[in-house]
Amino acid sequence: MSAAEERAEPPAPAPSGDEAAAPLVFDRHLVLDQLGGWRGMVDATLPTIAFIVANSLAGLRIGIWAALAAAVLVFLLRLLRRESVQQAISGLFAVGIAVAIAAATGEARDFYVPGIIRNAGLTVVLLGSVVLRRPLVGVIAEFLAPSHLGAMASHRHSVPGFRGRVGRARAVLAPSERDPETGRARPDPAPDRPWREDPRLLRAYGWLTVLWAAVFFLRAAVQFYLYLGSENTDATDLGVVTLILGLPVTAAEIVVTLWVVSRLHHHRAQ
């Protein structure tokens with residue numbers, strides 16, 4: 001080796017390696033894990049059930065404490081089982097706001113005010129996304145399981161279950177599509193044709209978004225009507241209707257949505 005080569009300095013390393021230049025990639029695994037599935041939906045309903053039962057039997061004060069206790073219990077159980085607590089934290093925060101309003105006004109019906117406002121707000125957001133030609137159901141579906149990757153194109157004739165469809169959505173980002181060194185998700189391959197340029201996908205996602213908006217509007221309208229007639233009462237009828245229009249209707253919507261999305265994905269995979 002020559003003296004010049006010995007004096008040569010080694011090349012300076014990259015500022016932060018490949019990570020510095022790596023694009024920001026949202027990991028669908030993390031998002032899907034936060035959804036919680038059917039159990040997460042049930043957990044979100046428990047504080048409302050506790051409030052309805054305790055309020056109708058023992059009054060508003062006991063109802064408030066029962067709702068808070070149920071929300072805290074859900075959080076602690078998830079914590080002990082080392083499950084995702086993000087949804088439980090969100091539920092605890094929402095219950096805290098609801099009971100704070102009810103405690104401040106002394107009206108049991110005000111426990112349901114945040115839900116009424118949320119349903120009305122989601123109606124506006126969903127319909128607005130359709131007007132802007134960015135239907136929200138399509139945005140969410142294409143993020144969780146992009147149709148150009150064919151994640152949900154299998155089992156075309158089967159009635160989809162939530163767990164099975166989520167499992168196939170998770171399969172979109174296979175271990176082979178992760179960086180073996182960092183474990184981070186790699187960017188998805190670019191689709192040959194963006195979903196918003198496919199008239200069939202855009203139309204179907206638009207109708208699905210309108211369906212969800214209609215359900216949220218129905219909830220808000222019925223709840224508000226019952227709210228107006230629940231002054232100085234325990235608002236049990238309002239609570240029962242809230243439950244009926246909650247988990248059962250949401251479950252039916254999810255099944256319909258996943259079935260339609262799976263058919264769309266099969267259509268695009270052909």
Side-chain angles (χ1 to χ4, degrees), residues 24-55 60-105 108-126 129 136-137 139-141 143-145 162-163 165-167 169-170 173 183-185 212 215-216 219-220 223 235 238-239 242-251 253-254 257-258:
L24 178 62
V25 180
F26 293 98
D27 192 338
R28 287 186 295 273
H29 279 300
L30 299 179
V31 176
L32 288 166
D33 287 341
Q34 301 306 320
L35 294 180
W38 296 116
R39 180 174 175 181
M41 295 169 62
V42 173
D43 287 348
T45 306
L46 290 179
T48 301
I49 296 176
F51 177 82
I52 294 172
V53 174
N55 177 62
L60 178 60
R61 184 186 296 264
I62 302 300
I64 287 174
W65 285 110
L68 285 174
V72 171
L73 181 61
V74 168
F75 172 79
L76 292 178
L77 287 176
R78 284 185 170 269
L79 195 63
L80 290 174
R81 294 176 178 175
R82 296 183 179 180
E83 299 172 343
S84 172
V85 297
Q86 180 173 333
Q87 192 175 35
I89 293 175
S90 301
L92 185 60
F93 180 73
V95 171
I97 293 177
V99 299
I101 296 175
T105 63
R109 66 175 184 170
D110 289 330
F111 177 83
Y112 305 98
V113 166
I116 298 174
I117 295 175
R118 181 185 65 247
N119 289 329
L122 287 173
T123 301
V124 174
V125 171
L126 288 165
S129 71
L136 193 56
V137 170
V139 173
I140 295 173
F143 169 72
L144 295 179
F162 185 74
R163 182 176 300 177
R165 291 305 182 190
V166 169
R170 284 197 178 100
L173 198 58
R184 292 184 178 180
W212 281 85
V215 172
F216 281 118
R219 287 173 180 156
Q223 286 176 314
L238 175 57
T242 297
L243 290 178
I244 294 174
L245 294 178
L247 183 58
V249 176
T250 300
E253 277 188 297
I254 290 176
T257 300
L258 290 175

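Reckoned from all heavy atoms, side chains included, excluding hydrogens, waters and symmetry mates.
- What you find for I244 and V249 is that their closest heavy atoms are O-CG2, 3.5 Å.
- Closest non-hydrogen pair, A67 versus V95, comes out as O-CG1, 3.9 Å.
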Steps toward side chain to side chain contact (heavy atoms under 4.5 Å, CB included) verdict (W65, V99): CA-CA 8 Å; W65 285 110; V99 299; over 6 Å; no
Show me the donor-acceptor pairs within less than 3.5 Å that the side chains of residues 114-121 make with the rest of the protein, sequence neighbours left out.
{"unit_1": "N119", "atom_1": "ND2", "unit_2": "G115", "atom_2": "O", "d": "3.1"}
{"unit_1": "N119", "atom_1": "ND2", "unit_2": "Q223", "atom_2": "OE1", "d": "2.9"}

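- Residues meeting the side-chain contact (heavy atoms from CB on, under 4.5 Å) test with I140, sequence neighbours left out: L136, L144.
- The CZ atom of F216 sits 4.5 Å away from the CG atom of L122 when rounded to the nearest 0.5 Å.
- Taken from CD1 in I62 to CG in L60, the straight-line distance is 9.5 Å, to the nearest 0.5 Å.
- Atom CD1 of I52 is separated from atom OG1 of T242 by 6.5 Å, given to the nearest 0.5 angstrom.
- In this pair, F51 and Y112 present their aromatic rings perpendicular. The plane angle is above 60°, beyond the 30 to 60° band.
- Separation of atoms CZ (R219) and OG1 (T250) is listed at 3.5 Å; rounding is to 0.5 Å.
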